[in-house]
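What's counted below: heavy atoms across the whole structure, side chains too, no hydrogens, waters or symmetry copies. Numbered from 1 within each chain, the chains take letters A, B, ... in sequence-line order. Predicted model, so just to flag it, every value in this text is computed and none were measured.
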Number of protein chains: 2
Amino acid sequence: MLAVVPPTYNPSERRRHVGNVLLELIADEGLAGTNIRAVAERADCSVGAIQKYFRTKDDMLEFALQLVGERVEARLQSVDRTGTLVDVVRSWLLATLPLDAERRAEARIWAEFSVRAIGHRPYSAAAIAVDNDIRAALTEYLEEERRQGAVSADIETSTVADALIATSDGLALTMLYDEGREVEALAALDVVINRLLPLP
Amino acid sequence: MLAVVPPTYNPSERRRHVGNVLLELIADEGLAGTNIRAVAERADCSVGAIQKYFRTKDDMLEFALQLVGERVEARLQSVDRTGTLVDVVRSWLLATLPLDAERRAEARIWAEFSVRAIGHRPYSAAAIAVDNDIRAALTEYLEEERRQGAVSADIETSTVADALIATSDGLALTMLYDEGREVEALAALDVVINRLLPLP
């Protein structure tokens, strides 16, 4: 019986398909230029089918952010942790920088969401929760490395994690509106990583 | 004759008054929640008087950005340059961080503008021009300090300027939606400044 059901009726596959189309559209047009009808057309679905996932612009942003969270988490988990401290931290931060179409879409959604979160309690609470998760994961990794002697004792690991994430966030935003600055942005990231993570 | 003209008819004073009201409103409500009527009411002017400065949301953002540019430039120029390299760079970056109502308004407008600049040529060109000015000013200062022996020769000054500005931008955005992180953000900024600007 299952074999005759078209693959698009697999709920998780359809969700992924709709999600990919939504992220592509936001990457191309921004959230302001994305609407339910355009998503339905590009996904080759009815408007009603899309409305199962989101009904309003706010719902759309929340759905997009959830997808970004899933993607970024999967990408961070796939980072090779066998290299040096500097290599691992570098790979980790690169995983979120807008260096290809997929990460560009994700970074744009995060930037749009962050700005909308200013003075808007439910969004700011969600943004702060994401920040806390990322900071905690990076701090924990730095603490582990310190126990193994790869990070000097005079470093406050959560402060270093904050600094690394802030640098990466700042570079990401610039790279989104200035696509020509990739080389300079990566050089700036390397200076910060190399100077903040000295061997003991 | 001049004495009978009420002070609000001084064009530059009225422009400053309208500008202050606009920046206050954007700081409180965001650009999405700011409109011409609300500016007119708070500035105690007619809608027509406000429309001399801007007519559309895009005009409003451009006018606000111009005011922010003037304010930030004035504040940067007033930074005391007689201290150590680290002190001067720190004061310079603090001049744009959202640490009071005025800088909060400015940082919020810059964040809204940056996100709107993604994929939008006139805005991205304006944002890139602002970035270039700031980077050039900071790089020039670092080069001067290098000539006086306060910056080591192995540092690429424009890369260090990029890194410092990116860190500051990233921290500013987080501080806008998470007002409780001021202490941690300043600690992160200090770590980056102290490690990127070592004495030779």
Original post:
Is the shortest distance from a Lys or Arg side-chain nitrogen in B/Arg181 or A/Asp162 to a carboxylate oxygen in the other one below 4.0 Å?
Top reply: yes

Original post:
Is atom NZ of A/Lys52 surrounded by more than 12 heavy atoms (other residues, nucleotides or ligands) closer than 6.0 Å?
Top reply: no

**OP:** Under 4.5 Å, counting heavy-atom pairs only, tell me which of B/Ile128, B/Val192, B/Asp28, B/Val191 racks up the most with chain A.
**Re:** B/Ile128

Original post:
What distance separates B/Glu184 CD from A/Ser158 OG, expressed to the nearest 0.5 Å?
Top reply: 8.0 Å

**OP:** Please look at A/Leu176 and chain B and tell me whether the side chain, the backbone, both or neither of the residue comes under 4.5 angstrom of a heavy atom of that chain.
**Re:** both

Subject >> Best-contacting candidate, A/Ala111, A/Gly119, A/Ala127, against chain B by heavy atom pairs under 4.5 angstrom >> reply: A/Ala127

Original post:
Between B/Ile118 and A/Arg104, what is the shortest heavy-atom contact and its length?
Top reply: CG2-NH2, 4.2 Å

Subject >> Between A/Ala185, A/Ser124, A/Ala166, the one whose heavy-atom pairs under 4.5 Å with chain B are most numerous >> reply: A/Ala166

Original post:
Side chain, backbone, both or neither: which part of B/Leu171 has an atom under 4.5 Å from a heavy atom of chain A?
Top reply: both

Subject >> Option in B/Thr167, B/Leu189, B/Asn194, B/Ile165 with maximal non-hydrogen atom pairs under 4.5 Å from chain A >> reply: B/Thr167

Subject >> Non-hydrogen side-chain atoms of A/Asp169 and B/Asp169 separated by less than 4.5 Å >> reply: no

Subject >> Pairwise distance CG(A/Asp190) to CD(B/Glu156) - rounded to 0.5 angstrom >> reply: 13.0 Å

**OP:** Between chain B and each of A/Leu31, A/Val160, A/Asp131, count heavy-atom pairs under 4.5 Å; write down the option with the most.
**Re:** A/Asp131

Original post:
Would you call B/Leu173 and A/Val115 a side-chain contact if the rule is heavy atoms closer than 4.5 Å?
Top reply: yes

Original post:
In terms of heavy-atom proximity below 4.5 Å to chain B, should A/Ser114 be classed as side chain, backbone, both, or neither?
Top reply: both

**OP:** For A/Asp100, look at atom CG and say whether over 12 heavy atoms of other residues, nucleotides or ligands are found less than 6.0 Å away.
**Re:** yes

Original post:
Relative to chain A, which segment of B/Asp178 carries a heavy atom at a distance below 4.5 Å: side chain, backbone, both, or neither?
Top reply: both

**OP:** Name the option with the most non-hydrogen atom pairs under 4.5 Å to chain A; the candidates are B/Arg121, B/Arg108, B/Glu179.
**Re:** B/Arg108

